[in-house]
Undergrad: 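Pasting a structure below so you can have a look.
A, B, ... follow the sequence lines: proteins, then strands. Residue 1 opens every chain.
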2 protein chains.
Amino acid sequence: MKIEAFTDREATAFPGVEGVTIRWMIGKRDDAPNFAMRVIEVEPGCQTPFHSHDYEHEVFILQGEGVIKDADAQEHHIETGSTVFIRANEEHGFYNRGEGVLRFICMVPHVEGLEPVGVGETGDVC
Amino acid sequence: MKIEAFTDREATAFPGVEGVTIRWMIGKRDDAPNFAMRVIEVEPGCQTPFHSHDYEHEVFILQGEGVIKDADAQEHHIETGSTVFIRANEEHGFYNRGEGVLRFICMVPHVEGLEPVGVGETGDVC
């Protein structure tokens, strides 16, 4: 087994995405056979890119509060303890509307080209 | 998308496993295509069954502290913020050694017969 505090892993910033970092905690590099665990942090007033892709997200909000926008520009409140399932091809973005960091786990299936293989690469944000 | 506070879902107790509950938050019933999210709680002094199975766990410790025992009876400390990858066929058990609840997310791939399909069923604990 592998045990690692998420705070022991350096957070990687996204080029061109202000105030968002990612840590790939468990993934292909650990020989995880099916899916990966990332910890994502969004600073107050910042957001992840509004986008969609052909794979799902399973999310648990660890800390903070904000909204997820959907394809109709509707805002859905999230806070500590929220679980979120975003289906493949659903448009989404995570917006921090709180005063502290918005931190969440974002699980993804193994997708070719998604997980970074080199130092300093980030992969997809969420 | 589906958003649900884990506290809005009733926790299901395991028959014969004292002080352990599970909530299946995201799974096949949501048409999640690849893997499932469960929230597991272990009361102080209690533990999940010591066992192994042919699929992996990806775990994030949300609250509390304790140990995971491995096949050699070695104890590995876990606490809030620990991430844990347990490979297929690795023996493991989660032991709450703290004064409060030990709460964690335990992600599993879709396995035939694992996820409960009826009310009151529990599936595998962790």
Side-chain angles (χ1 to χ4, degrees), chain A residues 1-9 23-27 29-39 52 54-63 67-72 74-88 90-92 94 103-111, chain B residues 1-9 23-27 29-39 52 54-63 67-72 74-88 90-92 94 103-111:
Chain A
M1 61 185 69
K2 171 195 163 193
I3 302 176
E4 182 180 5
F6 85 90
T7 48
D8 284 346
R9 181 74 64 92
R23 295 171 169 99
W24 286 77
M25 298 305 304
I26 303 170
R29 287 173 290 188
D30 305 299
D31 295 324
N34 294 296
F35 54 93
M37 176 186 289
R38 303 99 52 86
V39 174
S52 67
D54 63 359
Y55 54 88
E56 76 277 19
H57 286 321
E58 298 189 21
V59 169
F60 190 99
I61 307 297
L62 297 171
Q63 182 179 316
V67 299
I68 302 176
K69 282 190 188 175
D70 66 18
D72 299 319
Q74 293 294 309
E75 297 190 350
H76 305 269
H77 179 75
I78 51 173
E79 61 186 16
T80 305
S82 297
T83 64
V84 184
F85 176 45
I86 297 173
R87 295 174 175 81
E90 273 195 302
E91 288 186 298
H92 60 278
F94 291 76
R103 176 182 300 130
F104 54 93
I105 297 165
C106 184
M107 312 287 301
V108 289
H110 286 341
V111 174
Chain B
M1 63 184 68
K2 171 196 163 192
I3 301 175
E4 181 180 6
F6 86 89
T7 48
D8 284 347
R9 181 75 64 91
R23 295 169 168 98
W24 286 77
M25 297 305 304
I26 304 170
R29 288 174 289 189
D30 306 299
D31 294 325
N34 294 296
F35 53 94
M37 176 186 289
R38 303 99 53 84
V39 174
S52 67
D54 63 359
Y55 54 87
E56 76 277 19
H57 287 320
E58 298 189 20
V59 168
F60 190 99
I61 307 297
L62 297 171
Q63 182 179 315
V67 300
I68 302 177
K69 283 191 188 175
D70 66 18
D72 299 318
Q74 293 293 308
E75 297 191 350
H76 305 269
H77 179 75
I78 52 172
E79 61 185 14
T80 306
S82 299
T83 64
V84 184
F85 175 45
I86 297 174
R87 294 175 175 82
E90 274 195 302
E91 288 185 299
H92 60 279
F94 291 75
R103 177 183 298 130
F104 53 93
I105 297 165
C106 183
M107 312 286 301
V108 289
H110 287 340
V111 174

Undergrad: Between atom CG of B/L62 and atom OG1 of A/T80, what is the distance when rounded to the nearest 0.5 Å?
TA: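 Between atom CG of B/L62 and atom OG1 of A/T80 there are 10.5 Å.
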Undergrad: Please flag which part of B/A88 lies under 4.5 Å from any non-hydrogen atom of chain A: side chain, backbone, both or neither.
TA: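 Neither part.
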Undergrad: Quick check for you: to the nearest 0.5 Å, what is the distance between B/D30 atom CG and A/E56 atom CD?
TA: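 Separation between the atoms: 11.5 Å.
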Undergrad: What part of B/H77 lies closer than 4.5 angstrom to a heavy atom of chain A: side chain, backbone, both or neither?
TA: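 For B/H77, backbone heavy atoms alone lie under 4.5 Å from chain A.
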Undergrad: Given heavy-atom pairs under 4.5 angstrom as the criterion, report whether the side chain, backbone, both or neither of A/E91 touches chain B.
TA: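 For A/E91, the contact with chain B is made by the backbone alone.
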Undergrad: Check side-chain hydrogen bond (donor to acceptor under 3.5 Å, both in side chains) between A/E90 and all other residues, then give those that pass, not counting sequence neighbours.
TA: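 None.
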Undergrad: Where is the tightest heavy-atom contact between B/V39 and A/F60, given as atom of each residue plus distance?
TA: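 Residues B/V39 and A/F60, closest heavy atoms: CG2-CE1, 4.0 Å.
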Undergrad: Quick check on B/V59 against chain A: is it the side chain, the backbone, both or neither that has a heavy atom closer than 4.5 Å?
TA: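 It is the backbone, since no side chain atom gets that close.
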Undergrad: Using non-hydrogen atoms and a 4.5 Å limit, figure out which bit of B/I61 sits close to chain A: side chain, backbone, both or neither.
TA: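 Answer is neither: B/I61 stays 4.5 Å or more from chain A.
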Undergrad: Using the test ring-ring contact (aromatic ring centres under 6.0 Å, His included), find all partners of A/F85 that sit at least two apart in sequence or belong to another chain.
TA: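 A/F85: no ring-ring contact (aromatic ring centres under 6.0 Å, His included) contacts found.
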Undergrad: Side chain, backbone, both or neither: which part of A/E58 has a non-hydrogen atom closer than 4.5 Å to chain B?
TA: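 For A/E58, backbone and side chain are both near chain B.
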Undergrad: Atom CD1 in A/I3, atom NE2 in B/H76: separation rounded to 0.5 Å?
TA: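 If I round to the nearest 0.5 Å, the distance is 6.0 Å.
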Undergrad: Please check if the side chain of A/T83 supplies one atom and the backbone of B/F6 the other of a donor-acceptor pair under 3.5 Å.
TA: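 No, A/T83 side chain to B/F6 backbone: no donor-acceptor pair under 3.5 Å.
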Undergrad: Would you mind telling me which of A/M37, A/H92, A/E79, A/H57 has the largest number of heavy-atom pairs within less than 4.5 Å of chain B?
TA: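 Among the listed options, the one with the most contacts to chain B is A/M37.
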